[in-house]
S.K.: 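Take a look at this one; I'll ask things after.
Values in this document were obtained by computation on a predicted structure and should not be read as measured data. So you know, we letter chains A, B, ... as the sequences are listed, proteins then strands, and number each from 1. Hydrogens, waters and symmetry mates play no part in the numbers below; they use all other heavy atoms, side chains included.
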Amino acid sequence: MFKPISNRVNLPKVEEEMLSFWKDNQTFKASLDIRRDGPEFVFYDGPPFATGLPHYGHLLAGTIKDIIPRYQTMRGYFVDRRFGWDCHGLPVECEVEKMLEISGKTEIEELGVDVFNEKCRSIVLRYTAEWEKTVTRMGRWVDFERDYKTMDPSFMESIWWVFNELWDKGLIYEGRKILPCCPRCSTPLSNFETNQGYMDVVDPAVTIGFRLDDEENAFVLAWTTTPWTLPSNMALAMGPDITYLRVEEKDVVYYVAKARFDEYYKDTDSVESITEVKGSDLIGKTYEPLFPYFADLKEKGAFRILAGDFVTTEDGTGTVHMAPGFGEDDYALCMAEGVPVVCPVDEEGQFTEEVSDYVGRKVKESDKDIIKRLKVEGKLIKQATIKHSYPHCWRCDTALIYRGISTWFVNVEKVKVRMSEVNQEIHWMPDHLRDGRFGKWLEGARDWAISRNRYWGTPLPIWRSEDGKEAICVGSIEELEKLSGRKVADLHKHFIDDIEIPSQEGRGPLRRVTEVLDCWFESGSMPYAQTHYPFENKEHFDSHFPADFIAEGLDQTRGWFYTLTVLSTALFDRPAFKNVIVNGLILAADGKKMSKRLSNYPDPKLLIDTYGADAIRLYMINSAVVHGENLRFTEDGVKQLLRNILIPLWNSYSFFVTYANIDDWSPDKLDGQSSNVLDRWISSSLETLSESVVAAMDEYNLQRAVRPFVLFIDDLTNWYIRRSRRRFWKSQDDDDKMQAYQTLYTVLLQLSKIAAPFVPFISEEIYRNLRTDDMPESVHLCDFPMPQDDKRDMELELEMELVMTVVRLGRLLRSEHNLKVRQPLSQIHVISRNKQVIERLKVLSDIVLEELNVKDVVFGEDELRLATLKGKADFKRLGPRLGPNVKKAAGVIAQLDDQALETLVRGGEISVAIAGDEVTLGPADVLVERIPHEGLVVASEGELLVALETELSAELVAEGLAREFVNKVQNMRKSSGLEVTQRINIKFTGDVELCKAISDLGDYVKLETLTIDCKSVEAAPQGAIEWDLNGHACLISVDAVV
RNA sequence: GGGCGUGUAGCUCAGUUGGUUAGAGCGCAGCCCUGAUAAGGCUGAGGUCCCUGGUUCGAUUCCAGGCACGCCCA
């Protein structure tokens, strides 16, 4: 006896039951244990930040990260799955700043780095419980107990090892990076933060004349909105291809871009002559420094005109003032050209001693004085203001300044080529990412800035002397202890910043540089750090690197995929993963990004509780989002999927259980293979399903893996079960019935296994109810059903397809000619020239008879009786052979007469004249269509012709009535809530013809409706319902037999 | 501005190693079936396969150039 199943399915409730079952029985652990001795399939999990709650993107990635490991487990592999948490970094720090209502470097240091960091530590895991709940509810099996955290001392120590390896390979260097900084918070900001704070402001826009050295009283005009950077001017940049004008006035010469001339000369009275000059002719000239502060740098290459490809003539003068300490383009160009870089501004945005006249003053506030001074000195050409969008600190609204910050870099340029080569070994899904977005990103990779002037992160393990001439990179806790003579328990900043290392060269104590590492460096180190390599688990690591599989979103091309690749290439000259599934973005139903503010998407929890995790999983997986495309997530889509796949699947299961229980069927009655064609057909189809799924899964193509389920479920419910229903209903326990049970049982059981990785809940429910005691207690402990050739019968699958076609054509005819299926017809003609087609159909003709409700099927070959033939050229064959003449040939073929076509159809050859040439055409060169004769009830598809005999004999009419009658009684049984097995008595009224029909076919009526007594009465019985049976009025009442 | 991707029915999307007749689901209209029925089936209407050029006997498919949208970078 199987557990009885309601056909009113509540999937979320079923899922909750499965969750408790898994929890109570530790099924996940068991699924690992049974494979522990098997080969390993290595999975790396990318760590999320737990500062927010999981959203649809996480549910999707989590689902992909669940399906592949479940599948591989069933394929016999041991798949360890450790969850990871990204703990460090700015999001956490910002959160804490908000909580403590402080902001920026000064306030954090006033508070104490130790207090601040411990606060970070205390909140970073605060949502992990919610995460675990949601991830688990979605059906993902992942180990939360052995999770890794990027803030664990062991994790951080491995990061030091990674860093030290890079250091030893000479891949770490210190440089400068121009970053937006808030002078008030004295903190550099990330791109993300900067983007939040753009505001429209009015700034000064001044034009300055730079006096050229080699021409008397000649000035190049340059333009800036940040006058405070002028003392730090080191060069000018012009466009080599831009045309400039040499404008001669009375006793002075100005150079300005031709395109900007009008802006500067509203009237040209003062102009004496104008000459055009190419930018390239001006490049290389030197000029007089504006300010004396760095004048001595002229010898070192400063104060030159450089060629800059970023120079435009959209605004300004067509010449850009270069302050390499304060602009990214400026910095890059000056570095490349060997121009010295100065940055005379401190963290608080104040001038340093070098700029003696303004020392200690905030740069922005010095603008006015600088302008005034330039005016006095005659260097200011034009003073204006400009309204533009400029970034401000999102915390305190202070205008940001761009400023060079000392930064540590990984020299990615050095390993770039190998990274691209190593990338070739990775199997990407979708594959275009390999040489597309990711490949291109690698080709253009720049050195990676890995240090952050922040607090909550893994500190850079560099200790150096005050003069900067002696530096040590520390690679482990033990090394630090040895070098410093101090015990070290925690590697966070506030534990180690006061540790000093004595100099080997007598330079005084070495102190740690202040920065911490970019948290991307930490997640990229995850393959090593999660197992504390190389301090522990050395052998384990060797056999677990690289990963067989990872999966994340498209945004990780420049994130995790990239950092993993940089580090694994630099360290081991290998990729860090072999296969990767990259998912696209999940958009709201309106095609926009999901946004809390717009609330344009349904709450995930609500959706799970309404439709269940399986439906959401399958909905997402059955879309292009599993290969990097966007998905418009709609609740309706989830509903559809439920309707199209999961409910039919459940109905099949419920059907089986209901009848198996009625008949007391149990799996111990399993006995060999069935001889029934339907059974053999569905069993064969199941093998085909398994083959398609395995093929798609081995390519990591999840969408392709899901698609065949839709077809199979349709075959199962709308053909196999519908066709087989009577076999389950009939009262005697014959072999055929046993075989039906046995087949449906086996199919459902196997299907639950094939579906298990995708829809782990519903498949578990089905499996658990169907399994016998000698089977594993969970579907997820089973082996994946690999396709078995001996159970496949391709011939039979083809035959069934033909039958389906005939039935479809038959139904089309009935529909076109208004002949309802309940009305039996005498004959159907199935005509095909192709003997094999006829032979195949003969095998299954019973199905045709029943489906179409006809008494007899007549096969024949004489298609000309029903249709005319029409020839059509097979371009695919004739094109290559005939080339340009193919069109003429098509014309000739379309005109072929019946006789010629007959010859071809019989397999003969004909010869025709095409463009003066004799061409021989074989059967394969011409496609023959059958055009049914007008006025006949005939339909055609391919080589098949189907015709219906529509004349009704008295017997057929009577039978049609009886079937109408049965149908109405069945409806009444159902609507009055009678049990399926309940016996009844029928009373009815009707005309003579109707009574005779029911009486003549009484046995049939009684058998179909489980009726003991069916009699006609004179007057309408109590509670009778009136029906119209093919134009015969009728009152029927139904009573349960007690 | 550059890179990558996408553009197919009213909507959401398959597909096309180049072959004249391009599919599914939803929605719409009509019909049918039904003891797995909170279902299901069939039929119909609905398409310049983004545009323009090229290659080819033949292009929705390949190539080039545009346009639109998305993501990433600058």
S.K.: Which part of the nucleic acid does A:T717 contact within heavy-atom distance under 4.0 Å: base, sugar-phosphate only, or nothing?
M.R.: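 A:T717: base contact, heavy atoms under 4.0 Å.
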S.K.: Identify the nucleotide, in any strand shown, that forms a Watson-Crick or G-U wobble pair with B:U55, with both distances under 3.5 Å; if there is none, say none.
M.R.: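 Because no pair has both required distances under 3.5 Å, B:U55 counts as unpaired.
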S.K.: For atom CZ of A:R704, is the number of surrounding heavy atoms from other residues, nucleotides or ligands below 6.0 Å larger than 12?
M.R.: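 Check fails, neighbour count at 12 or below.
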S.K.: Would you say the base of B:A38 and the side-chain of A:R643 have a donor-acceptor pair closer than 3.5 Å?
M.R.: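 Under the 3.5 Å cut-off, the side chain and the base do not form any donor-acceptor pair.
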S.K.: Which base, if any, makes a Watson-Crick or G-U wobble pair with B:G35, both distances under 3.5 Å?
M.R.: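 The answer is none; no pair meets the criterion.
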S.K.: State which of B:G3, B:C26, B:G41 makes the closest approach to the side chain of A:R437.
M.R.: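 Given the options B:G3, B:C26, B:G41, the side chain of A:R437 is closest to B:G3.
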S.K.: How would you label the contact of A:D874 with the nucleic acid (heavy atoms, under 4.0 Å): base, sugar-phosphate, or nothing?
M.R.: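 Since no nucleic acid heavy atom lies under 4.0 Å of A:D874, the category is nothing.
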S.K.: Any side-chain N or O of A:R558 less than 4.0 Å from the OP1 or OP2 oxygen of B:C73?
M.R.: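 Yes, because at least one side-chain N or O of A:R558 sits under 4.0 Å from OP1 or OP2 of B:C73.
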S.K.: Would you say A:R722 reaches B:A36's phosphate, i.e. side-chain N/O to OP1/OP2 under 4.0 Å?
M.R.: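 Result: no.
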S.K.: Taking the C1' atom in each of B:C67 and B:C51, what is the distance between them to the nearest angstrom?
M.R.: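 7 Å, rounded to whole Å.
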S.K.: Measuring to OP1 and OP2 of B:C33, would you say a side-chain N or O of A:R822 lies under 4.0 angstrom away?
M.R.: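 So the side-chain polar atoms of A:R822 do come within 4.0 Å of the phosphate oxygens OP1 or OP2 of B:C33, strictly under.
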S.K.: Provide the Watson-Crick or G-U wobble partner of B:C69, both distances under 3.5 Å; none if there is no partner.
M.R.: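 Partner of B:C69: B:G5.
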S.K.: Can a side-chain donor-acceptor contact be found between A:Y611 and A:E635 if the only test is distance below 3.5 angstrom?
M.R.: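 Indeed, the side chains of A:E635 and A:Y611 share at least one donor-acceptor pair under 3.5 Å.
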